Number of protein chains: 4
Amino acid sequence: MIVIIKQNVADEKIENLKEHLTQYFHVSISEVKGEHTTILGLIGDTAAINPDLIASNEIVESVKRVQEPFKSSNRKFHPDDTVIDICGRKIGAKDFQVIAGPCSVESEEQIIEVAQRVKAAGATMLRGGAFKPRTSPYSFQGLRAEGIEYLLEAKKATGLPIVTEIMSLAHLDLFQDVDVIQVGARNMQNFELLKALGHCNKPILLKRGLANTIEELLMSAEYIMAGGNSNVILCERGIRTFETMTRNTLDISAVPVLKRISHLPVVVDPSHGTGVVWLVEPMAKAAIAAGADGVIIEAHNNPAKALSDGAQSLNLDQFDDVMKTIKRQVEFEGKSL
Amino acid sequence: MIVIIKQNVADEKIENLKEHLTQYFHVSISEVKGEHTTILGLIGDTAAINPDLIASNEIVESVKRVQEPFKSSNRKFHPDDTVIDICGRKIGAKDFQVIAGPCSVESEEQIIEVAQRVKAAGATMLRGGAFKPRTSPYSFQGLRAEGIEYLLEAKKATGLPIVTEIMSLAHLDLFQDVDVIQVGARNMQNFELLKALGHCNKPILLKRGLANTIEELLMSAEYIMAGGNSNVILCERGIRTFETMTRNTLDISAVPVLKRISHLPVVVDPSHGTGVVWLVEPMAKAAIAAGADGVIIEAHNNPAKALSDGAQSLNLDQFDDVMKTIKRQVEFEGKSL
Amino acid sequence: MIVIIKQNVADEKIENLKEHLTQYFHVSISEVKGEHTTILGLIGDTAAINPDLIASNEIVESVKRVQEPFKSSNRKFHPDDTVIDICGRKIGAKDFQVIAGPCSVESEEQIIEVAQRVKAAGATMLRGGAFKPRTSPYSFQGLRAEGIEYLLEAKKATGLPIVTEIMSLAHLDLFQDVDVIQVGARNMQNFELLKALGHCNKPILLKRGLANTIEELLMSAEYIMAGGNSNVILCERGIRTFETMTRNTLDISAVPVLKRISHLPVVVDPSHGTGVVWLVEPMAKAAIAAGADGVIIEAHNNPAKALSDGAQSLNLDQFDDVMKTIKRQVEFEGKSL
Amino acid sequence: MIVIIKQNVADEKIENLKEHLTQYFHVSISEVKGEHTTILGLIGDTAAINPDLIASNEIVESVKRVQEPFKSSNRKFHPDDTVIDICGRKIGAKDFQVIAGPCSVESEEQIIEVAQRVKAAGATMLRGGAFKPRTSPYSFQGLRAEGIEYLLEAKKATGLPIVTEIMSLAHLDLFQDVDVIQVGARNMQNFELLKALGHCNKPILLKRGLANTIEELLMSAEYIMAGGNSNVILCERGIRTFETMTRNTLDISAVPVLKRISHLPVVVDPSHGTGVVWLVEPMAKAAIAAGADGVIIEAHNNPAKALSDGAQSLNLDQFDDVMKTIKRQVEFEGKSL
């Protein structure tokens with residue numbers, strides 16, 4: 001960590017600060033004296049130091065981190081790709097997964113029909129929302145516990161592992177038989193939830209928040225990993241920008257950045273990431289080309305009557321076509337689906 | 001709600017859509033036929049209709065809302081300012097409040113000292129974090145239950161009502177004696193939490209999320225109000241933009257916008273909104289000039305040793321000075337503090 | 001265009017507005033009367049109407065466009081892909097181009113060496129900055145007229161068409177022998193420059209501004225096309241967001257959006273779009289997978305000594321490798337390079 | 001400037017880099033060796049060094065600036081407020097100015113009427129667009145040279161100094177009698193234009209670009225000041241964010257930031273900054289409370305028929321009212337108007 005001192009500060013004050021830092025943070029200090037500026041280099045374990053605390057000192061101009069604040073998810077300390085096993089299906093390194101299904105579970109018949117069709121098309125896991133985070137309290141909130149039961153029926157019927165979103169710690173017991181627990185974008189910094197998920201041993205699909213940096217995504221992964229659960233799958237699903245033609249701006253560059261600085265698998269959600277049905281295919285292709293380990297795609301038996309997010313859902317025939325493209329692209333990348 | 005049909009669509013398809021909309025959403029339809037474009041106006045209660053469902057129809061170009069989706073918080077249906085009573089102190093209309101205190105409660109002595117000093121300076125409520133949402137799991141997470149006890153001691157010592165953040169439904173019982181429950185920016189769309197807070201009768205300070213629109217802030221207020229709790233105080237605390245000189249960009253224009261479209265009181269947090277101690281005073285002034293009903297300000301007995309967010313905390317002498325400015329400005333606006 | 005009237009407005013005022021609109025804008029009007037809301041549909045040529053003018057009327061709640069404001073670049077009126085010929089090389093439809101070269105032209109030897117090497121690797125056009133838009137007046141500003149001469153020498157030596165940026169109308173004469181004139185992101189809304197380029201018959205590479213929407217990019221293309229020059233190549237080069245790990249956020253979704261709503265060729269600049277050398281390859285791949293018609297890539301004989309933008313420049317050996325990947329990917333997409 | 005070396009780099013490579021930096025940039029180097037990380041401090045005149053050049057070296061992790069890159073506009077080297085004289089009216093320090101007028105000059109009668117009315121209300125300078133930067137080539141582009149003539153007539157009639165926007169170097173001769181030349185947001189980084197304005201001795205009103213940081217605004221001021229013209233007035237006019245209720249997000253915090261780090265006068269444009277007529281008054285108040293040296297406000301004799309930007313223009317009666325508020329607020333701040 002580097003501490004930049006304001007110009008023309010008396011040496012005595014700098015000495016006081018050095019003493020304070022040494023005692024308070026158990027670091028050693030190396031000093032660089034320029035003509036106008038003095039810089040202190042803090043040496044030791046600085047990951048737990050809050051730079052703001054030092055920045056608030058009256059003689060400090062600014063504080064800059066050198067070490068990355070994420071550890072467990074950092075590729076520097078774990079050079080090999082993490083591969084996560086989900087009911088025998090692997091994700092990470094050379095193994096690719098396609099997670100597909102409707103935004104919301106609407107009925108047992110619906111979810112089983114969709115599961116059978118997406119499986120036939122080549123999807124390897126089933127997604128479906130039981131608990132739905134909706135901007136408006138007046139919108140459909142999901143079938144909740146009942147939705148999870150229907151997902152489990154669809155798993156029984158097809159063998160597809162299921163992925164579904166948790167919205168509250170209070171529902172954790174209901175997720176006992178769920179294969180992958182999804183943390184949605186709006187809960188990416190629901191730290192109490194993340195801590196609890198660190199103590200269960202299930203794979204967690206952690207979605208990037210709309211206004212969260214790549215580093216913050218990894219820090220949220222740290223919350224889960226610090227509890228002992230290292231089965232974290234990162235998910236890019238679009239960030240909020242000024243552009244209005246797409247619902248969000250899908251940050252494809254986050255894929256190679258995450259793959260380089262972290263060892264965790266990365267999936268991309270082109271459905272929520274764009275909010276536009278005809279962008280799902282090209283953006284899924286782009287994600288695979290950029291190095292993603294999987295995609296998560298909305299497909300619905302009747303999007304025009306879906307109880308949520310119809311605009312971005314493929315119908316099942318469209319999904320068949322997109323799946324053909326995905327298979328070719330994954331093969332081209334030398335990965336196995 | 002307005003449905004714009006794609007160009008050159010066969011009349012029969014449009015008729016089918018009209019029939020579908022009438023049956024499915026119980027609305028009546030008025031049609032505008034242009035040379036190239038047909039537009040359908042949906043008349044009736046369209047607030048609960050998800051525009052995306054209609055937009056996913058293959059003949060639909062786009063769908064535009066006419067009615068605002070927020071109801072309980074909407075000034076159209078409640079023209080008078082809501083005034084909320086907190087232990088005899090009022091906020092809203094002509095009544096202004098100053099909420100001050102440290103980012104984190106660190107000890108009983110600390111919080112009592114700060115409470116006494118900010119009260120002496122003129123603050124009317126005490127804030128302090130017991131549960132702390134921190135980006136890193138390796139940072140101080142707050143004193144939690146113990147922190148709330150110390151806040152209650154500080155209330156006993158000074159009479160100041162206390163404001164503190166809830167991070168999980170699971171902790172709700174601990175907030176029984178808290179006067180105002182704060183929902184932090186990261187939990188603005190933790191809908192399960194909002195629903196639960198709708199069923200308690202305490203004032204809720206609802207902070208705007210970093211990437212949330214003004215409309216989304218009101219929709220989150222709806223979640224609380226829909227449950228029966230209409231004591232919602234809205235809080236602008238900065239949005240995330242590309243600018244890096246300030247931690248966030250404090251959206252002062254949100255104040256007059258919210259005051260115009262909603263009847264709820266609005267407070268501004270210039271400490272978190274800027275992240276810079278010397279910006280607290282000018283931005284508090286700007287907030288008051290723009291019509292805010294209160295400000296919430298970080299003040300600490302020793303910011304350089306604070307366990308969180310030192311960089312934006314005023315020390316107690318600085319707070320005395322800022323408070324003088326605030327008093328003058330509130331008086332100039334014809335409000336009472 | 002749709003005009004939404006405020007609630008509970010007297011019929012007489014609505015009639016006055018209708019009369020005013022009919023006279024002032026030469027449109028006919030269709031009216032939709034709801035329980036609370038009245039909506040006016042304006043029928044006729046509304047593309048030239050500024051919605052703000054109508055929105056400023058006291059009885060108007062809001063105004064919404066139905067027709068897209070771009071015409072010449074709109075695929076609706078020109079369904080086939082535009083293919084542009086540059087010295088016999090084609091871009092658009094099935095023809096792909098790779099434009100490569102250094103950020104700045106630094107000397108005759110340098111630009112010729114780079115031109116020979118990128119040509120050998122498979123690049124089809126040469127880029128190089130003669131006039132350089134630099135944030136700081138204290139940074140290297142380019143060799144200017146001299147730089148263009150060196151580019152022309154490099155063209156003579158290699159046969160590669162040259163692409164270089166114009167920063168001012170005053171320099172237009174110097175661009176007589178340039179093959180493609182680039183308009184940089186900072187000049188995307190330099191409308192006087194765009195107008196002038198509409199009157200020359202050279203291909204224009206128009207880069208999207210850092211804070212400009214896709215629609216605004218097309219409106220700037222309209223400026224050029226309205227003057228009679230329809231040889232416009234659109235370029236996505238990253239937008240400004242809150243993310244700091246990449247210099248900009250390369251909006252890959254802009255590629256399929258632009259290809260769908262416009263017939264113009266689209267190229268992507270992964271070098272400026274990310275600002276990070278190791279992101280150039282994966283993002284070039286993503287761009288091609290998403291449907292781009294070309295890429296523009298920085299390559300330098302000695303990036304560590306480059307006079308500008310070293311951090312994002314490939315060295316020539318790295319460019320060889322990236323070029324191999326690009327060739328495979330372009331072939332996979334069924335395009336010819 | 002601080003150079004952070006990657007982990008576990010051989011000492012020899014670090015020595016090579018140090019030698020290279022010393023020779024190439026004429027700096028001396030101080031080294032900080034941590035357990036995992038080595039840091040080099042570059043001492044000397046580093047303002048002209050492009051950090052990217054150093055960052056592109058293969059052993060460099062990152063490079064961080066210590067010195068601010070702006071000099072002439074920096075308060076560190078010019079502690080006193082700059083006060084600019086415009087035909088005897090002063091702006092800066094304790095002197096406040098109100099610039100008012102229509103978005104576009106539409107006719108001689110119109111601009112004279114508006115000038116007389118805004119003068120009577122208390123405005124001290126007249127604004128009006130002759131050259132208009134419009135997103136669409138199909139929109140009204142301004143009266144151009146004729147518009148400047150009408151502005152000069154309005155000056156003759158009222159004595160108000162005139163402020164109007166330049167869009168191209170080619171028009172500079174037409175601005176000979178203009179009192180303040182405005183550089184619009186879209187031209188903030190039209191560096192060739194800025195350089196030319198550095199060689200004229202007129203006050204320049206430099207508007208912040210929609211996606212430009214505060215530092216970039218100051219760097220553009222540097223372009224003008226480096227040419228010898230130090231009469232630069234900075235203008236905050238809103239930045240582009242995800243919020244849609246306002247056209248832009250007016251960054252009020254930019255005012256106190258600019259006032260602290262620069263000595264130049266700062267004005268705020270609440271009309272363009274919000275795009276909403278009823279936000280002009282509260283945001284003008286907020287700007288003054290935050291320390292602005294002036295405001296620039298759109299006022300029109302008939303906004304509903306304005307040829308541009310009607311939605312944000314006050315009519316002249318509204319301007320009278322807003323002006324009363326502004327006068328009270330300026331007086332409260334102890335400034336003179």
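By convention in this document, chain letters (A, B, ...) are assigned in the order of the sequence lines, proteins followed by strands, and residues within each chain are numbered from 1. Not measured: the values here are computed from a predicted model.
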Proximal component of [X], with respect to chain D [non-hydrogen, under 4.5 Å]:
X: E216(B); answer: neither
X: I252(B); answer: both
X: T246(B); answer: side chain
X: T241(B); answer: side chain
X: I288(B); answer: neither

- Task: Go through A286(D), A284(D), P270(D) and name the one with the most non-hydrogen pairs under 4.5 angstrom from chain B.
- Result: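 Looking at each of A286(D), A284(D), P270(D) in turn, A286(D) comes out on top.
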- Message: Just so I understand: if I count every heavy-atom pair under 4.5 Å between each of A254(D), A287(D), A290(D), A211(D) and chain B, which residue has the most?
- Response: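 When all of A254(D), A287(D), A290(D), A211(D) are compared, A211(D) has the most.
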- Message: Nearest 0.5 angstrom please: T244(D) OG1 to I214(B) CD1, how far?
- Response: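 Answer rounded to 0.5 Å: 8.5 Å.
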- Item | Choice from R328(B), R240(B), E243(B), Q329(B) maximising heavy atom contacts with chain D below 4.5 Å |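 Max contact count across the listed options: E243(B).
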Pairs of donor and acceptor atoms involving the side chains of residues 330-337 of chain D, under 3.5 Å and at least two apart or interchain, shall be tabulated with distances.
residue, atom, partner, partner atom, Å
E333(D), OE1, K285(B), NZ, 2.8
E333(D), OE2, K285(B), NZ, 3.0
K335(D), NZ, G291(D), O, 3.4
K335(D), NZ, A292(D), O, 3.1
S336(D), OG, D95(D), OD1, 3.2

- Which atom of A289(B) lies closest to which atom of A289(D), heavy atoms considered: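 Closest heavy-atom pair between A289(B) and A289(D): CB-CB, 3.8 Å.
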- Is there a side-chain contact between F242(B) and N212(D) (heavy atoms, below 4.5 Å)?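 SC-SC contact between F242(B) and N212(D) ruled out.
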- Could you name the residues of residues 255-265 of chain D that have a heavy atom within less than 4.5 Å of a heavy atom in chain B?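 Near chain B, by residue number: P256(D), V257(D), R260(D), I261(D).
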